[in-house]
Amino acid sequence: MFSGKTPKATFKSYLPPVQTDLKKSPQVTIKKLEAKLLPGEIVVNEVNFVRKCIGAGGSQDDLWGKLVCTNFKVSFVTHDSLPQQASTPSPAPHISICLLERFQCAHRLLGEYDVPLACVDQVITVNDAKGKRKILGSNKKLKFNPTELILYCKDFRIIRFRFDEAGPESAKKVCLAIGHYSHPADTQLLFGFEYVGTRFYSSSGERVNGIDPGGRLQTPLFDCSSDWDREIKRTGASEWRVCSINKDYLVSPSLPEFFVVPSSLADQDLKQYACYFSAQRVPLWCWNHPSGSALVRMSSITEPLQQRKLDQRICNAVMKSHPLRSDVHKVELENGLLPTIHDIQAALVKLRQFCVIEPFEESEDKWLSSVESSRWMEYVRVFLKQAVEVVYVLEWKQASVILQEEEDRDLSCVVASLVQVMCDPHCRSLVGFQGLVQKEWVMAGHRFLDRCNHLKRNDKEESPLFLLFLNCVWQLLEQHPTAFEFTEVYLSVLSDSMWLPVFSTFLFNCPQQRAEHSRCRGPVDNEVENHWSKLTVLNIDGVCDERLLLLTLSRSAIFLFPPPCSVPVSSSVFVDRCKDFALTKRISLGQEQALRFPPVWDWSQQFSLKDQALFNNPLYVGKSAPCVHNGTVRTYSHRRSKRVFSSTLRGVPSALRNGSLAEHDTLMRRSSLVSRLRTDSGLAREPQQETPAERFLRDWLSRPAEPNSLLLPQLLPSHLPLWRLHFLRWVPEARIPHGGPITAFHELSVLADEIETLQKRLRQYTGGSIPAPDGPGAEPSRMYFKAASSPQETAGAPDYLSSTFPFSPVGNLCRRSILGTPLSKILNGAKIWLSTETLANDSI
């Protein structure tokens, strides 16, 4: 009945047999990807398996990692490293993999692939399959799963991420979080309050802002009367005094508590006149010329009946402060010659369009004309010309000047600062320049919060006036490199610091607002009880989870609940949750917290001492030049030249008018034969009418410039180039490997370091013993690039040097039409940036 054969086995095992005699292989530990967080920084949302677009030739050069959104930045964390330089050149040089060679200074607040949320201008999500895109903002919803995220940054970066392998819901949540947290609803939601409240608060004398309470920064902050007294003595303004009528900001919230006024004006008169000025901004002293003429700024007079009386009273007071009782010249800055804040913003937007969005071809006349059509360079030229006209009155006429603007908080900041940079060598030193910005911008009430648009409430208030000023200073630095202690790297880093909302310098609109947010705070319990009616609850679909409970502990707290939670029933429950959250996050709850926002001038907050050496100009000639002669160190001071101007002109055409050449005119070299070979008809041509200020500039340019005296700029368009390091540093096509101004900077730094080392040895030479240059008592070098320590060594140029040093376009910008959705399709129909109006008719 049954067969005697053994049935054939039908079960097949797919598992390998267990091997007990072999040694166990060591387990490979995989390091978890985690973003580095600052004090007070918390993770909002994150997504894994994200591809960051790097190379322009294909996805093989991209980086894989985790995309993290915190309450401070957008961070990309990866274990991958950038590919090394290719040994063979690419067929397309502009997209060569050699661009992946990278160098960047280590930032203490930001990682290698981090972008501050305040720097994000627009957040755009794209779905390739559905052909949809949407701009995200605060409390926005997203009905499709994004496959690509594009971040347009205010510093001209464009950063792209792909979610091909990421979870759709996770990618959607992190995009919504970035869009929401890049648009804070209130000033106190800026990360600076969390960072400062956690790290830099003090109740009785510990460390405040990382500085001992007894010490002071070297840069004057002009928040006390002693700083103004020292400035009066430095400039020799003996007929001016420090006024304290604005103590506790009782007169004007936009003026500092202490400022300088003519000695002939009494405090009672100033209080009486204040109500007639716009924003109660009475006249404010800026600077005194060695001849005694003063530079003053004031707002417009709002009362027509008092216009003539107040003008005469103020002008008489300024005239009495002059030792020669010279006349006072009033300069109306809003007379149509200078651009408005909206014109400047529109010019920068157009410049950004041509620099980073349109295909970059610097050799093409079309691209150059497009940059010129943005009018940004024209506005730089106009402000420099306006400053020269003011300098002419102060220097040549020896008369005082009053700059008048509607609120005296925008255009006057640019003009007053440029005048002092041109006239005062102290303002061209590092400390002097920082004090100038602190005095004429921060304490004078420039609206940094609105002009930087940190809250993104009203785009009409945004305007890059401070960047325009830095660009003008760069033009002076480019034409007179030995007259400035700092470099263009310093100017670019200072501009980038505007997007780090942790410094008091660029975080507020006026001194009163800065002081209000720095006052002492009570315990959390009392604070929540007092502000219970002001508490705000945000329900964001798909953005927040239960890990995110509290953002602010020392102010009106803001809770984030996952939907569909409701508001807590009582404040006591809310306080308990605040304390529990603080304990889990290790956030200290001081009984008496005083927020002390650090100024940006404490550069140790951002960079090491070695990286700060990039700020030092190796060509700088200070107030006195030390020299070693016959074994002794002598100092030779630069004397001020007499004000005798030549009637002949060398190097500048005779028909210079408004910073441009006349028709059929050429720029001649010195000792050129062109002037002798011209025809009689050309010589007999009637010259154009020249203004006294233009004649003053022409005469000054005819003689050699001294670094420690008056400096004036060439206003010809050929002498005012585009600031390449700042505007083109993120464009791979504009990068010149082993080229650009950095090569000369490297050689000069090595030479300056070698001279500095020799001078130190000569000073320390005693009894035939020469101390080692790197010994315990040796002073640190001012130069970033060092000379060779021994004659056998050679200090060659590093391989990472390029025209964008110390910045790198690698990983920060991918050009159009490479991976994913081409930028040309996304930007189709948009004039400049993507706008809400452009996408109004899109079906989302």
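Only this structure's heavy atoms are used, side chains among them; waters, hydrogens and symmetry mates stay out.
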Exercise for the section: Decide salt bridge (Lys or Arg N to Asp or Glu O under 4.0 Å) for Arg375 and Glu378; before the verdict, give the C-alpha distance in whole Å, the side-chain angles of both, and the deciding distance to 0.1 Å. Expected result: CA-CA 5 Å; Arg375 307 194 69 181; Glu378 176 187 344; 2.8 Å; yes
Exercise for the section: In sequence, state the C-alpha distance, the side-chain angles, and the governing distance for Ser293 and Val401, and then conclude on side chain to side chain contact (heavy atoms under 4.5 Å, CB included). Expected result: CA-CA 8 Å; Ser293 54; Val401 177; over 6 Å; no
Practice task
Show your reasoning for whether side chain to side chain contact (heavy atoms under 4.5 Å, CB included) applies to Leu117 and Phe72.
Solution key: CA-CA 6 Å; Leu117 289 171; Phe72 168 53; 5.7 Å; no
Exercise for the section: Start with the C-alpha distance between Gln398 and His289, add both sets of side-chain angles, then the distance that settles side-chain hydrogen bond (donor to acceptor under 3.5 Å, both in side chains), and finish with yes or no. Expected result: CA-CA 8 Å; Gln398 296 186 358; His289 191 271; over 6 Å; no
Exercise for the section: Please lay out, stage by stage, how Asp229 and Arg234 fare under the test salt bridge (Lys or Arg N to Asp or Glu O under 4.0 Å). Expected result: CA-CA 9 Å; Asp229 282 328; Arg234 188 189 68 82; over 6 Å; no
Practice task
Start with the C-alpha distance between Lys330 and Asp311, add both sets of side-chain angles, then the distance that settles salt bridge (Lys or Arg N to Asp or Glu O under 4.0 Å), and finish with yes or no.
Solution key: CA-CA 10 Å; Lys330 182 182 288 187; Asp311 275 342; 2.5 Å; yes
Exercise for the section: Could you walk me through whether Glu239 and Ser321 pass the side-chain hydrogen bond (donor to acceptor under 3.5 Å, both in side chains) test, one step at a time? Expected result: CA-CA 5 Å; Glu239 298 297 328; Ser321 65; over 6 Å; no
Practice task
Let me see the working for Phe258 and Asp223 under side chain to side chain contact (heavy atoms under 4.5 Å, CB included), right down to the final yes or no.
Solution key: CA-CA 7 Å; Phe258 305 96; Asp223 56 352; over 6 Å; no
Exercise for the section: Please lay out, stage by stage, how Lys385 and Glu389 fare under the test salt bridge (Lys or Arg N to Asp or Glu O under 4.0 Å). Expected result: CA-CA 6 Å; Lys385 184 176 182 294; Glu389 294 178 353; 2.8 Å; yes
Exercise for the section: May I have the step-by-step check of side-chain hydrogen bond (donor to acceptor under 3.5 Å, both in side chains) for Thr505 and Gln438, ending in yes or no? Expected result: CA-CA 8 Å; Thr505 311; Gln438 187 71 24; 4.6 Å; no
Exercise for the section: Show the numbers, then the answer: is there a side-chain hydrogen bond (donor to acceptor under 3.5 Å, both in side chains) between Trp499 and Asp155? Expected result: CA-CA 9 Å; Trp499 317 122; Asp155 61 355; 5.8 Å; no
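A 4.5 Å side-chain heavy-atom check between Lys439 and Trp228 finds at least one atom pair inside the cut-off. Residues Phe433 and Leu491 meet the side-chain proximity criterion, which asks for heavy atoms closer than 4.5 Å. Here the side chains of Val296 and Leu284 are not in contact, with every heavy-atom distance at 4.5 Å or above. Looking only at side-chain heavy atoms (C-beta outward), Leu338 and Val415 come within less than 4.5 Å of each other. Side-chain atoms of His446 and Arg451, non-hydrogen and from C-beta on, do get closer than 4.5 Å to each other. Here the side chains of Gln475 and Met377 are in contact, with some heavy-atom distance below 4.5 Å. Proximity of Gln188 to His517: side-chain heavy atoms (C-beta onward) are separated by under 4.5 Å at one or more points. The closest side-chain heavy-atom distance from Leu507 to Arg514 is not below 4.5 Å.
The NZ atom of Lys320 sits 8.0 Å away from the CZ atom of Arg325 when rounded to the nearest 0.5 Å. A distance of 6.5 Å separates CG in Leu411 from CG in Leu465, rounded to the nearest 0.5 Å. Atom CG of Asp408 is separated from atom CG of Leu403 by 8.0 Å, given to the nearest 0.5 angstrom. To the nearest 0.5 Å, the span separating CD on Glu231 from CH2 on Trp240 amounts to 13.0 Å. Here the CE atom belonging to Met298 is positioned 12.0 Å from the SG atom belonging to Cys286, to the nearest 0.5 angstrom. Taking CG of Leu468 as the start and SG of Cys413 as the end, the distance is 12.0 Å to the nearest 0.5 Å.
Under the 3.5 Å distance criterion, the side-chain polar atoms of Thr235 are left unmatched by any main-chain donor or acceptor of Trp287. No donor-acceptor pair closer than 3.5 Å links the side chain of His322 to the backbone N or O of Val328. At least one donor-acceptor pair under 3.5 Å links the side chain of Arg297 to the backbone N or O of Glu440. Not a single donor-acceptor pair under 3.5 Å links the side chain of Ser182 to the backbone N or O of Val120. In this structure, Asn335 contributes its side chain and Glu332 its backbone to a donor-acceptor pair below 3.5 Å. Lys397 contributes no side-chain N or O that, together with a main-chain N or O of Tyr392, makes up a donor-acceptor pair within less than 3.5 Å. A side-chain donor-acceptor contact under 3.5 Å links Ser299 to the backbone of Arg281. Within the 3.5 Å criterion, the main-chain N or O of Val414 finds no donor-acceptor partner in the side chain of Ser417. With hydrogens and angles ignored, the 3.5 Å screen pairs a side-chain donor or acceptor of Gln513 with a backbone N or O of Asn509. No donor-acceptor pair under 3.5 Å is formed between the side chain of Glu407 and the backbone N or O of Ala279.
Heavy-atom minimum distance, His726 versus Ser495: CE1-OG, 3.4 Å. The minimum heavy-atom distance linking Thr302 with Cys275 is given by the pair OG1-O, 4.2 Å. In terms of heavy atoms, Leu265 sits closest to Arg241 at O-NH2, 2.6 Å. Scanning all heavy atoms of the two residues, the minimum distance from Pro511 to Ser254 falls at CD-O, 3.6 Å. Annotation for Glu485 and Leu430: closest pair OE1-N, 2.7 Å, computed over non-hydrogen atoms. Taking each heavy atom of Phe191 and Pro39 in turn, the nearest pair found is CZ-O, 3.8 Å.
Take Glu303 and apply the salt bridge (charged side-chain N to carboxylate O under 4.0 Å, His left out) test, not counting sequence neighbours, and it matches no residue. Applying the side chain to side chain donor-acceptor pair (under 3.5 Å) test to Asn246 and every residue at least two apart in sequence or in another chain returns nothing.
Between Asp450 and Lys460 no salt bridge is recorded (no basic side-chain N to carboxylate O distance below 4.0 Å).
Taking the ring centroids of Trp601 and Phe503, they lie at or beyond the 6.0 Å cut-off. Taking the six-membered ring for Trp, Trp603 and Tyr490 have ring centres closer than 6.0 Å. Ring to ring, Phe506 and Phe448 are close: their centroids are under 6.0 angstrom apart.
Residue Phe469 forms a ring-ring contact (aromatic ring centres under 6.0 Å, His included) with just one option from Phe383, Trp441, Tyr379, and that option is Trp441.
The 12-atom threshold is not exceeded at CZ of Arg308, counting heavy atoms of other residues, nucleotides or ligands nearer than 6.0 Å.
Relative orientation of the Phe193 and Phe597 rings is perpendicular, given thresholds of 30° and 60° on the angle between their planes.
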